Amino acid sequence: MVFVLELENFQGPFDVLLELLGKRQLDITDVSLGEVTAEFLDYISQIELSVDDMHSFLFVAAKLALDKSQLVLRITPEQDEAEINIAESLRGYQQIKSLALGLATRSKRPLYSNVSRAPKRSRTLIVSRTELDIVFKGLMNYYQKLPKTKNIKSDKLSVESFKRQFYDHISNMQEFSAQSVMAKSSTRHEAIVYFLTLLELLKQGRISNSNQKFLLEVV
Amino acid sequence: MDHQAKLVSLLFYSAEPIGIGQILKTFGISKNELEKLKDSANKSLEAVGLMLISDSDTMQLTVQSGYSALIEEFYKTTPQELSQPALEVLSIIAYKQPIGKSDIDEIRGVSSEQSLRNLLNKSLIKKVTKATQIKFVTTAEFMKVVGISSINQLEDNNE
């Protein structure tokens with residue numbers, strides 16, 4: 001069986017150890033940790049984790065295995081201040097879990113503030129037909145008084161209009177180069193329109209790419 | 001007009017927490033005097049269901065936690081829910097602040113990257129630089145979420 005852990009409620013190695021000890025109703029001691037080491041190793045062999053998370057599990061597993069072997073062989077471990085004591089870490093973690101539980105309880109009674117964040121209550125606007133008529137007439141009156149807008153003609157070149165002009169122009173020609181067409185453009189906008197027109201005419205089969213380098217000339 | 005009334009009116013008008021530095025400069029008082037002002041204002045506000053909360057940088061006017069249920073019922077809203085890992089990380093920061101990521105990871109025995117990112121996004125914690133190291137501390141938003149007026153309140157209850 002493969003366990004897939006959800007990220008949002010991901011349980012770390014300490015969580016798993018506490019669960020294993022809890023199931024057997026054992027206190028957090030080096031001896032009881034030795035008793036659940038095999039189960040812990042079995043657990044991590046069945047879960048799917050990212051490399052980072054697996055590293056955390058393997059670190060604890062290696063430390064548990066070492067502690068257990070020292071316990072079985074009755075070897076007194078060398079005291080190293082930097083070395084992590086799993087039982088001690090677990091007790092610290094258990095305390096944090098109980099503090100987290102306290103915070104969870106507290107968060108059920110939060111402090112609210114900031115009226116701008118308060119959800120707006122929905123309101124129904126009740127208006128009579130006459131009132132609506134007055135508002136409508138007022139709006140119409142307002143819009144009639146507004147200055148008339150003027151249409152400004154754009155002199156920009158469109159692909160459609162250019163395509164027609166261009167095709168008329170080349171219809172008498174047997175052959176032409178793309179470069180010569182592009183050279184006629186005086187602005188960037190015109191160059192884009194010329195290029196798009198060439199592509200469109202190629203696609204429609206109205207012109208053909210005789211030497212396979214037709215468009216490369218443009219580049 | 002006394003400072004207490006001025007402080008409460010400024011915080012009442014503001015939709016967001018106000019910077020402590022800004023308050024000290026406006027009123028020309030010390031941090032200790034502001035703390036005393038906050039305490040006396042909170043005594044006066046008790047009767048009207050409001051309270052002032054503050055962290056190291058900001059102060060805000062909130063509704064007392066006793067009225068949260070009323071607000072939730074009236075506005076059909078629910079308190080913010082936090083996942084178990086997020087609560088663990090938040091507890092570690094709240095009780096051991098300022099604290100760095102590696103220390104948090106060591107206590108939990110697992111990487112807290114994801115939870116820290118979520119808590120930062122929710123503005124429940126913020127980064128501070130202590131001796132060139134990045135550490136995390138709780139915010140005024142955190143105090144609102146857990147319903148406390150000062151971080152000392154959390155420590156007192158834990159003893």
Side-chain angles (χ1 to χ4, degrees), chain A residues 5-18 40 49-61 63-64 82 84-122, chain B residues 11-12 14-17 50-51 53 60-72 74-92 94-96 104-115 118 140-149 154 157-158:
Chain A
L5 300 178
E6 281 180 31
L7 266 181
E8 194 55 22
N9 283 305
F10 173 71
Q11 286 195 310
F14 291 166
D15 262 314
V16 176
L17 276 177
L18 282 179
F40 183 79
L49 291 167
S50 68
V51 176
D52 278 352
D53 294 330
M54 185 52 91
H55 163 263
S56 316
F57 275 86
L58 288 177
F59 175 78
V60 174
K63 186 73 180 76
L64 282 174
I84 289 170
N85 181 306
I86 299 286
E88 209 173 284
S89 301
L90 214 50
R91 278 191 282 270
Y93 178 67
Q94 197 178 37
Q95 197 187 354
I96 288 300
K97 273 189 85 101
S98 105
L99 292 175
L101 198 67
L103 278 193
T105 312
R106 279 186 166 281
S107 67
K108 284 177 186 151
R109 292 184 78 195
L111 304 173
Y112 288 104
S113 69
N114 200 339
V115 284
S116 66
R117 279 191 202 165
K120 282 189 181 130
R121 302 187 78 202
S122 58
Chain B
L11 291 165
F12 176 81
S14 170
E16 298 293 327
L50 299 173
M51 73 192 296
I53 62 165
Q60 191 172 14
L61 180 67
T62 67
V63 175
Q64 285 169 21
S65 63
Y67 299 96
S68 55
L70 171 77
I71 290 172
E72 283 154 18
F74 188 80
Y75 287 107
K76 305 278 177 256
T77 182
T78 48
Q80 191 173 158
E81 273 195 33
L82 294 165
S83 66
Q84 181 61 26
L87 279 166
E88 284 175 20
V89 174
L90 209 47
S91 304
I92 296 168
Y95 289 94
K96 294 181 186 291
I104 298 169
D105 290 350
E106 197 180 310
I107 293 169
R108 294 188 64 229
V110 72
S111 171
S112 304
E113 181 95 42
Q114 179 81 23
S115 300
N118 287 345
E141 185 64 26
F142 160 77
M143 292 200 283
K144 275 170 63 187
V145 166
V146 297
I148 54 170
S149 62
L154 207 60
N157 284 12
N158 192 43

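Computed from a predicted model, the values in this text were never measured in an experiment. Letters A, B, ... mirror the listed sequences (proteins, then strands); counts begin at 1.
Here the shortest heavy-atom pairing between A:Pro110 and B:Pro79 reads CG-CB, 3.9 Å. Here the closest heavy-atom approach between residue A:Leu103 and residue B:Ser91 is recorded as CD1-OG, 3.5 Å. Of all heavy-atom pairs spanning B:Glu72 and A:Tyr112, the tightest one is OE2-OH, 2.7 Å. Of all non-hydrogen atoms in A:Leu99 and B:Tyr95, the two that sit nearest each other are CD1-CD1, 3.5 Å. Here the closest heavy-atom approach between residue B:Met51 and residue A:Leu111 is recorded as SD-CD2, 3.6 Å.
For the atom pair A:Gln95 CD and B:Ile107 CD1, the distance stands at 9.5 Å (nearest 0.5 Å). Here NZ of A:Lys108 is found 14.5 Å from CD of B:Gln80. Values are rounded to the nearest 0.5 Å. Interatomic distance, CZ of A:Arg106 versus CE of B:Met143, reported as 12.0 Å (0.5 Å rounding).
For B:Leu50, no part lies near chain A; criterion is any non-hydrogen pair under 4.5 Å. B:Ser115 does not touch chain A: none of its heavy atoms, backbone or side chain, sits under 4.5 Å away. Both the backbone and the side chain of B:Leu90 come within contact range of chain A, judged by heavy atoms closer than 4.5 Å.
Two residues are said to be in side-chain contact when any heavy atoms from C-beta on lie closer than 4.5 Å; A:Ser113 and B:Leu61 fail this criterion.
Screening residues 89-98 of chain A for salt bridge (charged side-chain N to carboxylate O under 4.0 Å, His left out), with sequence neighbours left out, gives A:Asp15-A:Lys97, A:Lys97-B:Glu88.
Residues that satisfy the ring pair (Phe, Tyr, Trp, His ring centres under 6.0 Å) test with B:Phe142, not counting sequence neighbours, are absent from this structure.
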